[in-house]
A.B. asks: 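Just dropping this structure here.
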Amino acid sequence: MFREFLTRLTQPQPAPLDDGDARLALTALLVRIARADNDYAQAERDRIDRIAAARYGLSPFEAAQLRARAEELEAEAPDTVRFTRAIKEAVAYEERRAVVEALWSVVLADGERAQEEDALLRLVANLLGVNDRDSALARQKAASR
C-alpha cells in the first residue's frame with residue numbers, strides 16, 4: 001500500500017515531503033518508537049493521537065486515522081536507519097527537533113522508560129541529526145508535561 005511512498009522517501013536524493021506525507025512519516029516514527037519494547041500500550045497510542053491532534057490541528061478522530069495509517073506504514077517501512085535517514089533528508093531541522101520531543105513523550109507515556117525504547121530513541125535522534133543537547137532538552141520538556 002505504501003510502496004510508492006517508501007520508494008520516494010528512500011531515494012538517494014529524496015525530494016522534501018509535502019505536509020501530508022511528512023505527517024505520516026513522522027507519525028510512523030512515533031509508532032516505531034512505541035513498538036520498540038514489544039509492548040504497544042494504549043497509553044502510547046493515546047499519546048500519539050494527542051501529539052498528532054495538537055501538532056497538526058486534527059480532531060481526535062482524524063488523529064486516530066493518521067495513527068492507523070502510520071501503523072501500517074511503520075510495519076512496511078525499511079529498517080530504522082534507512083527510514084530515519086530518509087526522514088532527515090526530507091524534513092527541516094526544527095521539525096525533526098520537535099519530533100524528538102514527541103518521541104520522548106511517547107517513550108514516557110506508559111510510565112516506564114524501557115531500555116529498548118531508550119536505546120532506539122537515542123539512535124533515532126542521532127540519525128535525524130538532532131544533537132545530544134537538543135535531545136536532552138527535548139526529553140526534559142517531554143518529562144515535565
Side-chain angles (χ1 to χ4, degrees), residues 1-130 134-135 138-145:
M1 178 176 170
F2 294 105
R3 187 172 310 271
E4 179 186 331
F5 175 76
L6 290 168
T7 299
R8 281 186 294 124
L9 188 63
T10 56
Q11 292 296 314
Q13 297 292 327
L17 296 176
D18 67 34
D19 190 51
D21 286 346
R23 289 178 184 190
L24 182 60
L26 295 171
T27 304
L29 201 51
L30 295 174
V31 170
R32 181 155 290 184
I33 210 80
R35 288 179 170 169
D37 64 352
N38 296 314
D39 180 21
Y40 188 36
Q42 185 63 46
E44 292 167 324
R45 290 190 294 273
D46 292 345
R47 180 66 54 93
I48 292 169
D49 289 353
R50 285 195 305 276
I51 289 167
R55 288 182 60 109
Y56 306 125
L58 303 176
S59 71
F61 178 74
E62 292 168 326
Q65 283 185 314
L66 175 61
R67 178 185 39 84
R69 290 184 61 227
E71 289 168 347
E72 293 176 37
L73 175 62
E74 187 279 330
E76 293 182 31
D79 63 272
T80 301
V81 172
R82 287 192 310 148
F83 186 51
T84 306
R85 283 190 180 148
I87 291 170
K88 176 186 175 188
E89 297 299 319
V91 178
Y93 182 80
E94 281 307 310
E95 182 74 5
R96 288 181 275 130
R97 189 192 55 72
V99 166
V100 170
E101 181 180 330
L103 290 167
W104 277 115
S105 179
V106 170
V107 165
L108 302 170
D110 60 3
E112 297 179 28
R113 193 166 156 191
Q115 184 177 6
E116 299 89 350
E117 291 172 325
D118 193 65
L120 181 59
L121 198 145
R122 290 176 190 281
L123 171 67
V124 166
N126 186 358
L127 293 171
L128 286 173
V130 175
D134 284 348
S135 180
R139 183 185 69 242
Q140 291 170 357
K141 194 171 179 183
S144 68
R145 290 186 174 182

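Residue numbers count from 1 along this sequence.
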A.B. asks: State, yes or no, whether a side-chain contact exists between L30 and R47 at a heavy-atom distance under 4.5 Å.
C.D. replies: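 Not in contact.
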
A.B. asks: So how far is it from E74 CD to T80 OG1, rounded to the nearest 0.5 Å?
C.D. replies: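 Interatomic distance, E74 CD to T80 OG1, rounded to 0.5 Å: 7.5 Å.
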
A.B. asks: Can you tell if the side chain of N126 reaches within under 4.5 Å of the side chain of R122, non-hydrogen atoms only?
C.D. replies: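 Answer no - side chains too far apart.
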
A.B. asks: Can you see which heavy atom on S135 is nearest to which on V130, and at what distance?
C.D. replies: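 Result for this residue pair: N-CG1, 4.0 Å.
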
A.B. asks: Is it true that E101 and R55 make a salt bridge, defined as a side-chain N closer than 4.0 Å to a carboxylate O?
C.D. replies: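 No, this pair does not count.
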
A.B. asks: Looking only at non-hydrogen atoms, find the nearest pair between A52 and A63 and report the distance.
C.D. replies: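 Nearest pair, atom of A52 first, then A63: CB-CB, 4.1 Å.
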
A.B. asks: Measure the spacing between CG of L120 and CD1 of I33 and express it to the nearest 0.5 Å.
C.D. replies: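 One gets 3.5 Å once the value is rounded to the nearest 0.5 Å.
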
A.B. asks: Hey, are the side chains of V31 and Y40 touching, using non-hydrogen atoms and a 4.5 Å cut-off?
C.D. replies: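 They are in contact (side-chain heavy atoms under 4.5 Å apart), so the answer is yes.
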
A.B. asks: Got a second to check how far S105's OG is from R139's CZ, nearest 0.5 Å?
C.D. replies: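 S105 OG to R139 CZ: 13.5 Å, rounded to 0.5 Å.
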
A.B. asks: Kindly indicate, with the supporting measurements, whether the criterion side chain to side chain contact (heavy atoms under 4.5 Å, CB included) is fulfilled by Q42 and D46.
C.D. replies: CA-CA 6 Å; Q42 185 63 46; D46 292 345; 2.8 Å; yes

A.B. asks: Are V99 and W104 side-chain neighbours, meaning at least one heavy-atom pair lies under 4.5 Å?
C.D. replies: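 Result no, sub-4.5 Å side-chain heavy-atom pair not found.
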
A.B. asks: Restricting to non-hydrogen atoms, name the atom on L26 and the atom on E95 that form the minimum distance, rounded to 0.1 Å.
C.D. replies: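 For L26 versus E95, the nearest heavy atoms are CD1-OE2, 3.4 Å.
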
A.B. asks: Nearest heavy-atom pair of A34 and I48: which atoms, and what distance?
C.D. replies: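 Heavy atoms of A34 and I48 come nearest at CB-CD1, 4.2 Å.
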
A.B. asks: What distance separates E72 CD from L24 CG, expressed to the nearest 0.5 Å?
C.D. replies: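 Reported to 0.5 Å precision, the distance equals 9.5 Å.
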
A.B. asks: How long is the gap from CD on Q115 to CG on D37, to the nearest 0.5 Å?
C.D. replies: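 That separation rounds to 11.0 Å.
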
A.B. asks: Kindly indicate whether the side chain of Y56, heavy atoms from C-beta on, has any atom under 4.5 Å from the side chain of I51.
C.D. replies: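 Not in contact.
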
A.B. asks: Kindly compute the distance separating CZ (R23) from CD (E62), expressed to the nearest 0.5 Å.
C.D. replies: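 CD of E62 is found 9.0 Å from CZ of R23.
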
